[in-house]
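To keep things clear, I will list the structure first and then write my remarks on it.
All values reported here derive from a predicted model rather than from experimental measurement. Side-chain atoms are counted along with the backbone in the values below, which use heavy atoms only and exclude waters and symmetry mates.
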Amino acid sequence: MVENREIYRRCAEMILADNHAARHIDEIAMQDWGLASSALVEAAGRECAYALVRSFRRFHGFNIKNLFILLAAGSGNNGADGMVLLKTLILKGFCRPDQCTVVLSKKPSSATTESEPVNPQTQALRALLTMGLTVVAWQDLATTEREKLFSKADIVIDALSGTGLQGPPKGSVAELIFFINENRTKKDAQRIVAIDVPSGLSDLWDKRTPLVHADLCLAVEPVKVCLYKPAARLFAGRIVPVQGIFPQQLLEKDGQYKLVSYTQISLDKAAIAPFVVPPYAYKHRRGVVQVFAGAPGTSGAALLAARGAQSGGAGLVQLVTDDRLAEHLLSHAGGILLTCPTWLKEQVQSGSRSPLSPDAVVIGPGLSWNEDLQTRLDAIYESQNQKAVGLVIDAEALIHASRKTFRGPTVFTPHPAEFARMLINLNASSQEPIQGATDTVIETLSVDPVPLLRLASQNTNAVMLLKGHVIHIVAPDGTCYIVDGLEPVLAMGGSGDLLSGIIGALMARMKRNTGHIDPVLCARWAAVLLVKAGHLLCRQHGFTDPGSLAEIVGNLAGELWLQ
């Protein structure tokens, strides 16, 4: 039964919460489920302890036994979680009391020594004192004592502040954040473990606010959405969700933000089924994708977008590229149906080939925009309205498509700079003016991209997939899906072109198989396939041509779609 419950939890989409939603979940858990605050803190700290032990075994290859652990604890429930974690490690034999020290950001009150319990933090602190741990207040330590204590630590557990922080950290908490980061640079082997979020991070965080630079973040459910602010994600290290604290039904009530991973979605049979066609299916039954891409100097973008469509499982891929580029690419086309506007026109006029009727169209990668392309985009737009063809818009086409409101399944795939340029055109049709220069918009996207993405999605009636080391997928109804794409091998030219092609393939397969297209599901699948391929490629080869990613995506998709 325990194993079955674990499988169910992994399959269920992980809900992310902002501070308001997290507090509401806490309140409902206490009011309707009878879970006291002390019980929730006890559960969170205990599960964090187990997650810490498992993570060090898996990712660092050693036990934490015989390591010196320093806990930096604040005065709220985050500090209490850290104390329960430490208590659990000691009770379960993972460390000894003489190997642990607690540094408090604030001196404990006299109630700590009284018999009646006061709050979860006081209760946890009493237990540690009874066990014989050294507990000191930050203010009582001289500078030399601070340096000696922190330099001795093999693991520093950051439990100073949670997401309830209002504004930048102040006083001793701010001093401790600075000291932890500064000391970490002097000891390469030291590991910083943050509980819930790196201290200093909150929904209101901006780049001026200092954060603890964590190596590992034990993200207590509900996992906080602020962890995936692109600029903040860089300071969270490896994020390990800590689950089993709240009833699943309670977490599922708030679904505005959802974390998507390959592991989770690949266990969801309902998410796989729309792309599975009979093994004997003819190529058109597997979906037809038409790709408009490439110009002199950007032949790689055109090929990669088409390769992406092949790797996603499309049965037929037609690449329509620049007249001057077409002959050059013929020897590299492989199974791609390569053509150009001039050839297309001649073939149709001569009757040697009928116009292709695609299930999905990808337009933009590597294109140099001109009047003919604008005419083409307008024609695709009208055709989509009539035939519900899937449409993926990338690169230069994004700017010109942003004035339209789409009635068929559409996905925009900008990176931050492209999105900032899109907003100029979006202003023309938006009822709510969008202010800010390009640099300002890019800065906003790095801290809190969701509001702007929601506005763009609602105005165009299209799914917005913002590329980056954190991928945000926002639907017109406001739902936001997040994919943690922090993989260095993906930070190379061409991976975005590949992504657009993969989305096109999934749209085409789904349309042929089910008669309709869910653009959000296609975008989610494409993002996790690309990120998973990046992880595998990094382990196998390191940095290489993005075409290698297409091969791995093809292997992954084949395992899924050929079930």
Which atom names give the shortest non-hydrogen contact between Pro365 and Asp497, and what distance separates them?
-> CB-OD1, 3.5 Å
Expected output: side-chain Glu27 to main-chain Asp32 donor-acceptor under 3.5 Å | no
Indicate yes or no for a side-chain donor-acceptor contact from Glu175 to the backbone of Gln139 under 3.5 Å, with no hydrogens or angles considered.
-> no
Check: Arg233 side chain, Tyr228 main-chain N or O, donor-acceptor pair, under 3.5 Å | no
Closest contact, heavy atoms only, Gly534 versus Val489 | O-CG1, 3.1 Å
How long is the gap from CH2 on Trp369 to CD on Glu396, to the nearest 0.5 Å?
-> 7.5 Å
Closest non-hydrogen contact found for Pro97 with Leu133 is CB-CD1, 3.7 Å
Do Met14 and Glu221 come close enough that some side-chain heavy atom pair is under 4.5 Å?
-> no
State whether the side chain of Ser457 and the backbone N or O of Leu453 hold a donor-acceptor pair below 3.5 Å, judged by distance alone.
-> no
Lys NZ or Arg CZ of Arg454 over Tyr257 ring: under 6.0 Å, within 45° = yes
Please determine which of Leu218, Val193, Leu71 meets the side chain to side chain contact (heavy atoms under 4.5 Å, CB included) test together with Leu85.
-> Leu218
Of all pairs that satisfy side chain to side chain donor-acceptor pair (under 3.5 Å), the ones with a partner from residues 148-165, not counting sequence neighbours | Asn19-Thr163, Asp158-Ser199
State, yes or no, whether a side-chain contact exists between Val41 and Val84 at a heavy-atom distance under 4.5 Å.
-> yes
Going through the distances and angles, do Phe150 and Glu182 end up as a side-chain contact (heavy atoms from CB on, under 4.5 Å)?
-> CA-CA 10 Å; Phe150 276 81; Glu182 182 71 15; over 6 Å; no
Supply the atom-to-atom distance Phe68 CZ to Leu149 CG, rounded to the nearest 0.5 angstrom.
-> 5.5 Å
Are side-chain heavy atoms of Leu67 and Cys95 found at a separation under 4.5 Å?
-> no
Does Ser495 have any side-chain hydrogen bond (donor to acceptor under 3.5 Å, both in side chains) partners at least two apart in sequence or in another chain, and if so, which?
-> none
Can you tell me if Ser266 uses its side chain to pair, donor with acceptor, with the backbone of Tyr262 under 3.5 Å?
-> yes
side-chain hydrogen bond (donor to acceptor under 3.5 Å, both in side chains) filter on Asn77, not counting sequence neighbours, yields none
Side chain to side chain donor-acceptor pair (under 3.5 Å): pairs with one or both residues in residues 460-473, sequence neighbours excluded | Asp394-Lys467
Can you check whether Leu529's main-chain N or O pairs, donor with acceptor, with Trp525's side chain at less than 3.5 Å?
-> no
Is the distance between the ring centroids of Phe179 and Trp138 less than 6.0 Å?
-> yes
Hey, mind stepping through Leu40 and Phe246 against side-chain contact (heavy atoms from CB on, under 4.5 Å) and telling me if it holds?
-> CA-CA 8 Å; Leu40 293 172; Phe246 293 95; 3.8 Å; yes
Write out all pairs satisfying salt bridge (Lys or Arg N to Asp or Glu O under 4.0 Å) with one or both partners inside residues 78-89, taking only residues at least two apart or from two chains.
-> Glu42-Lys87
For Arg421, what residues pass the side-chain hydrogen bond (donor to acceptor under 3.5 Å, both in side chains) criterion, not counting sequence neighbours?
-> none
Rounded distance (nearest 0.5 Å) linking atom NZ of Lys532 with atom CD of Glu487 = 11.0 Å
Determine yes or no for a side-chain-to-main-chain donor-acceptor pair under 3.5 angstrom, with Thr405 supplying the side chain and Asn459 the backbone.
-> yes
Nearest heavy-atom approach of Lys107 to Ala137 is CG-CB, 3.6 Å
Heavy-atom side-chain contact between Leu227 and Leu16 under 4.5 Å | no
Using the test ring-ring contact (aromatic ring centres under 6.0 Å, His included), find all partners of Phe406 that sit at least two apart in sequence or belong to another chain.
-> Tyr381, Phe412
Atom OG in Ser500, atom CG in Leu498: separation rounded to 0.5 Å?
-> 8.0 Å
What pairs with Arg184 under salt bridge (charged side-chain N to carboxylate O under 4.0 Å, His left out), at least two apart in sequence or on another chain?
-> Asp215
Under 3.5 Å, is there a donor-acceptor pair between the side chain of Arg191 and the main chain of Asp188?
-> yes
Check Leu160 against Ser105 and note the closest heavy-atom contact, atom names and distance.
-> CD2-CB, 4.1 Å
Kindly state each residue pair satisfying salt bridge (Lys or Arg N to Asp or Glu O under 4.0 Å) with at least one member in residues 196-205, sequence neighbours excluded.
-> Asp196-Lys224
Counting distance only, does the side-chain N/O of Ser261 pair as donor-acceptor with the main-chain N or O of Gln264 below 3.5 Å?
-> yes
Ala527: side-chain contact (heavy atoms from CB on, under 4.5 Å) partners, not counting sequence neighbours | Ile471, Ile473, Val483
Between Glu418 (side chain) and His415 (backbone), is there a donor-acceptor pair under 3.5 Å?
-> yes
Let me see the working for Leu391 and Val411 under side-chain contact (heavy atoms from CB on, under 4.5 Å), right down to the final yes or no.
-> CA-CA 6 Å; Leu391 182 55; Val411 179; over 6 Å; no
Interatomic spacing from CZ in Arg524 to CD1 in Ile503 - rounded to 0.5 Å = 13.0 Å
Would you indicate whether the side-chain heavy atoms of Ile363 and Val392 approach each other to under 4.5 Å?
-> no
For the residue pair His213 and Leu211, what are the closest heavy atoms and their distance?
-> CD2-O, 3.1 Å
Hey, does Leu89 have a side-chain heavy atom less than 4.5 Å from the side chain of Ile69?
-> yes
By side-chain hydrogen bond (donor to acceptor under 3.5 Å, both in side chains) - contacts of Ser446 (at least two apart) = Lys207
Decide yes or no on side-chain contact (heavy atoms from CB on, under 4.5 Å) for Thr209 and Asp206, but give the supporting numbers first.
-> CA-CA 6 Å; Thr209 303; Asp206 61 35; 3.5 Å; yes
Just wondering, do Val135 and Leu104 contact through their side chains at under 4.5 Å, heavy atoms?
-> yes
From Met30 CE over to Ser38 OG, what is the distance, rounded to the nearest 0.5 angstrom?
-> 10.0 Å
Decide if atom NE2 of His24 counts as having more than 12 heavy atoms of other residues, nucleotides or ligands within a radius under 6.0 Å.
-> no
Under 6.0 Å from the CZ atom of Arg146, do we count more than 12 heavy atoms belonging to anything else shown?
-> yes
Do Val441 and Asp439 touch side chain to side chain, with heavy atoms closer than 4.5 Å?
-> no
Output side-chain donor-acceptor pairs under 3.5 Å for residues 45-53, partner residues at least two apart or in another chain, one line each.
none

